[in-house]
J.: 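Take this structure first; my questions come after.
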2 protein chains.
Amino acid sequence: MADEHHLELLWGGEPPSGRGRPARTTREQVVAAGIARADAGGLHELSMRQVAADLGVGVMSLYTQVESRDGLVVLMIDRAFAEVTDTLGRRDGEPWRDAAARQARTLWDLYGRHPWILDHGHRMPMAPHVLALEDAFYTPFLDIGLPASASANAAIALRSLVTGLARDSRSEQDQVRRTGVGYAEYWSSLNAVFWDRYFDEERYPAMTRLWYAGGFAAEDILAGEGILERAVAAYLDGIAVRVQPGGTGQGTGGA
Amino acid sequence: MADEHHLELLWGGEPPSGRGRPARTTREQVVAAGIARADAGGLHELSMRQVAADLGVGVMSLYTQVESRDGLVVLMIDRAFAEVTDTLGRRDGEPWRDAAARQARTLWDLYGRHPWILDHGHRMPMAPHVLALEDAFYTPFLDIGLPASASANAAIALRSLVTGLARDSRSEQDQVRRTGVGYAEYWSSLNAVFWDRYFDEERYPAMTRLWYAGGFAAEDILAGEGILERAVAAYLDGIAVRVQPGGTGQGTGGA
DNA sequence: GATCCTTTCGGTACAGCGTATGGAAAGTCC
DNA sequence: GGACTTTCCATACGCTGTACCGAAAGGATC
């Protein structure tokens with residue numbers, strides 16, 4: 001009923017069995033080739049034919065390793081998340097806020113290295129290393145004694161905040177990278193033509209105020225990473241307010 | 001250099017000129033048909049041939065109205081955002097936090113009605129009614145005297161938070177709707193099979209704690225809208241902390 | 001009314017996609 | 001040396017977006 005999650009593919013670790021014609025290619029190689037393609041040109045330039053060509057292999061041979069294109073993408077995501085699995089855990093003596101902020105930053109950087117993850121249409125797959133990251137995100141909030149459902153909510157929201165911000169900012173950098181135009185150049189020229197050809201200052205008063213106050217300067221918004229740190233800090237402040245007044249821990253309830 | 005933004009399509013209001021063979025179809029009709037298709041089956045079931053068939057029109061005739069499939073999607077997004085343009089503005093006497101929270105909730109509901117917006121690969125288009133929403137999001141933060149770049153950051157982060165949360169939660173509801181299985185049923189069966197076939201409690205200690213504490217009960221996480229309100233409230237608390245201590249307004253600087 | 005001009009219509013065609021099918025090939029095991 | 005098992009991959013099918021271009025349908029002009 002629900003095997004669009006590729007659970008067997010992700011979790012079933014069947015050994016190769018030894019018999020029969022040996023495969024010219026391992027699953028890891030296929031996944032790595034897919035990641036290379038996606039890193040270079042985004043998810044929509046990842047075609048089975050291209051990956052097969054990169055590996056010097058027939059197209060249909062890939063399907064002995066990955067079951068479908070969607071399955072390949074899911075495996076690629078798992079592989080990408082594996083890059084950070086070991087660095088996520090909360091360290092000895094690390095304050096919970098530092099841990100949460102560091103994890104957020106780690107995820108942000110991961111999206112920076114593999115922006116195509118953000119183009120994945122569905123929810124993040126239930127993959128081993130994706131779960132590892134989610135588990136790490138829950139930890140700081142559980143440790144400060146937030147109730148279970150509040151911890152879950154807080155962690156999910158933090159993750160969504162990072163993901164949403166990454167989508168908003170990275171996608172433009174992608175566009176820049178594809179067209180080869182420099183970021184400042186691209187941004188200013190686009191804004192210039194847009195601003196004095198179409199923009200109606202009376203229709204968008206807030207943006208107009210921001211524009212003249214310099215709030216849209218490229219280095220303030222997307223180019224710098226400041227937006228992530230600021231947003232995460234604000235969100236964690238909100239969580240801190242919620243946990244401090246009640247004491248150190250207000251009855252987690254649960255193992 | 002940059003006409004993948006469809007600026008002409010979105011902002012250029014050329015009148016139909018009168019002469020020549022009259023069109024059998026208006027742009028609004030095409031966009032409406034596209035929205036109907038996408039509402040029913042998601043963006044990946046939106047094909048030009050389908051839309052044309054729905055309108056009883058040849059496929060290529062659509063291209064006199066929309067320039068490309070991507071242009072159609074962009075117009076559909078603009079049209080969807082137009083649904084809420086009039087309800088966004090801050091009301092008389094409305095506290096800034098209420099305004100921001102209401103706007104966030106409005107966007108959330110919009111995503112609920114048209115989940116396919118979240119499947120759009122690129123950044124939100126520079127469309128009239130999308131800008132209207134962005135403008136509204138900036139307003140509360142500007143009004144409390146946050147500096148220009150901080151206002152921009154805060155509004156973008158709030159928007160990204162809503163978008164990220166919507167993507168995380170809605171996509172699963174989508175899946176449920178497509179397969180026709182009830183939500184609770186689907187979730188519990190998936191979790192049951194996953195939990196006791198693959199899950200390793202030692203590998204994911206935080207999730208294990210949450211699981212046994214009931215933090216993953218469906219009604220607490222995705223099904224309820226509580227997660228949005230909680231996350232937005234926490235984030236706005238963080239912003240409030242940031243503006244209160246400095247006084248009522250700490251020198252916006254700008255028009 | 002006939003002609004020209006402008007615009008839209010839409011059939012055909014093409015390149016690309018994911019992948020089902022199934023015979024050939026290449027190993028291990030008895 | 002069969003028998004068996006597994007992989008390889010050429011071919012084919014249906015689907016996609018859309019370039020091309022002659023045909024059609026209206027207004028404008030004579």
Side-chain angles (χ1 to χ4, degrees), chain A residues 3-4 6 8-9 12-31 33-34 37-38 41-76 116 119-122, chain B residues 3-4 6 8-9 12-31 33-34 37-38 41-76 116 119-122:
Chain A
D3 231 16
E4 33 186 335
H6 305 281
E8 184 62 31
L9 186 66
E14 299 300 305
S17 94
R19 285 180 309 196
R21 178 173 179 172
R24 287 183 53 193
T25 268
T26 68
R27 176 178 293 177
E28 282 68 27
Q29 287 176 319
V30 173
V31 172
R37 267 282 150 207
L43 258 199
H44 67 276
E45 287 193 20
L46 177 87
S47 74
M48 301 303 273
R49 287 172 224 263
Q50 268 294 347
V51 173
D54 290 351
L55 289 169
V57 152
V59 189
M60 294 312 293
S61 301
L62 300 179
Y63 286 86
T64 65
Q65 310 287 352
V66 296
E67 151 177 311
S68 73
R69 191 196 118 113
D70 203 57
L72 170 59
V73 173
V74 162
L75 285 172
M76 285 163 55
W116 46 268
D119 291 341
H120 189 237
H122 318 298
Chain B
D3 231 17
E4 32 186 336
H6 305 281
E8 184 63 29
L9 185 67
E14 300 299 306
S17 95
R19 285 180 310 196
R21 179 173 177 172
R24 287 182 55 192
T25 269
T26 68
R27 174 179 294 177
E28 281 70 26
Q29 286 176 317
V30 173
V31 173
R37 267 283 150 206
L43 258 200
H44 67 275
E45 287 193 21
L46 178 87
S47 75
M48 302 303 273
R49 287 172 225 264
Q50 267 296 346
V51 173
D54 289 350
L55 289 169
V57 152
V59 189
M60 294 313 293
S61 301
L62 299 179
Y63 286 86
T64 65
Q65 309 287 351
V66 296
E67 151 177 311
S68 73
R69 191 195 119 113
D70 203 57
L72 170 60
V73 173
V74 162
L75 285 172
M76 285 163 54
W116 45 268
D119 291 341
H120 188 237
H122 317 299

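On a predicted model such as this, the values are computed, not experimentally measured, just so you know. Each chain gets a letter, A, B and so on, in the order its sequence line appears, and its residues count up from 1.
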J.: Quick check: on DNA chain C, is the nucleotide nearest B/V59 upstream (toward 5') of the one nearest B/G20, or the reverse? Name the residue that is more 5'.
T.: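 With B/G20 and B/V59 compared, the 5'-side residue is B/G20.
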J.: Roughly how far, to the nearest 0.5 Å, is the CE atom of A/M48 from the OG atom of A/S61?
T.: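 Those atoms lie 10.5 Å apart.
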J.: Just verifying a value: how many Å separate B/H120 NE2 and B/D70 CG, rounded to the nearest 0.5 Å?
T.: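 Between atom NE2 of B/H120 and atom CG of B/D70 there are 5.0 Å.
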J.: For DNA chain D, whose closest nucleotide is more 5', that of B/R69 or that of A/Q65?
T.: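 The residue whose closest nucleotide sits nearer the 5' end is A/Q65.
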J.: With rounding to the nearest 0.5 Å, note down the distance linking CD in B/Q29 to CG in B/L62.
T.: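 So the gap between those two atoms works out to 11.0 Å.
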J.: Could you tell me the separation between the CE atom of A/M48 and the C1' atom of D/dA12, rounded to a whole number of Å?
T.: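 Spelled out: CE on A/M48 to C1' on D/dA12 is 17 Å.
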J.: Rounded to the nearest 0.5 Å, how far does OG1 of B/T64 lie from CZ of B/R24?
T.: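 OG1 of B/T64 is found 11.0 Å from CZ of B/R24.
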J.: Name the nucleic acid region contacted by A/S61, choosing base, sugar-phosphate or nothing; use a 4.0 angstrom heavy-atom cut-off, strictly under.
T.: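 Contact class for A/S61: base.
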J.: Earliest and latest nucleotide of DNA chain C, 5' to 3', sitting under 4.0 Å from a non-hydrogen atom of chain B?
T.: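 The contact span of chain B on DNA chain C goes from C/dT6 to C/dG11.
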J.: Return whichever of B/S68 or A/T25 has its heavy-atom-nearest nucleotide of DNA chain D closer to the 5' end.
T.: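 Upstream on the strand: A/T25.
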J.: Establish, from distance only, whether the side-chain atoms of A/D119 and A/H44 form a donor-acceptor pair under 3.5 Å.
T.: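 Looking only at side-chain atoms, A/H44 and A/D119 do not form any donor-acceptor pair under 3.5 Å.
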J.: A/L46 near the nucleic acid: base, sugar-phosphate alone, or nothing, with a heavy-atom cut-off under 4.0 Å?
T.: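 Sugar-phosphate contact only.
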J.: Pick base, sugar-phosphate or nothing for B/G58, based on heavy-atom distances below 4.0 Å to the nucleic acid.
T.: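 Sugar-phosphate contact only - B/G58 comes under 4.0 Å of backbone atoms but never of a base.
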J.: How long is the straight-line distance from CZ of B/R37 back to CG of B/D54, given to the nearest 0.5 Å?
T.: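 If we round to the nearest 0.5 Å, B/D54:CG and B/R37:CZ are 4.0 Å apart.
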J.: Tell me: CD of B/E45 to C1' of D/dG17, nearest whole Å?
T.: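 For the pair B/E45 CD and D/dG17 C1', the rounded distance is 17 Å.
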J.: To the nearest Å, give me how far apart CG (B/L62) and C1' (D/dA19) are.
T.: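 In whole Å, D/dA19 C1' lies 15 Å from B/L62 CG.
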J.: What distance separates B/L72 CG from B/M76 CE, expressed to the nearest 0.5 Å?
T.: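 One finds 5.5 Å between CG of B/L72 and CE of B/M76.
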J.: Rounded to the nearest Å, what distance is computed from the CZ atom of residue B/R49 to the C1' atom of nucleotide D/dT18?
T.: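 Taking atom C1' of D/dT18 as the reference, CZ of B/R49 is at 9 Å.
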J.: Select base, sugar-phosphate, or nothing to describe what B/R24 touches, counting heavy atoms under 4.0 Å on all strands.
T.: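 Sugar-phosphate contact only.
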J.: Hey, does the side-chain of B/R21 have a donor or acceptor N/O within less than 3.5 Å of a partner on the base of D/dG27?
T.: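 Answer is no: no donor-acceptor pair is held.
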J.: Grab the CE-P distance between B/M60 and D/dC20 for me, whole Å please.
T.: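 These atoms are roughly 10 Å apart.
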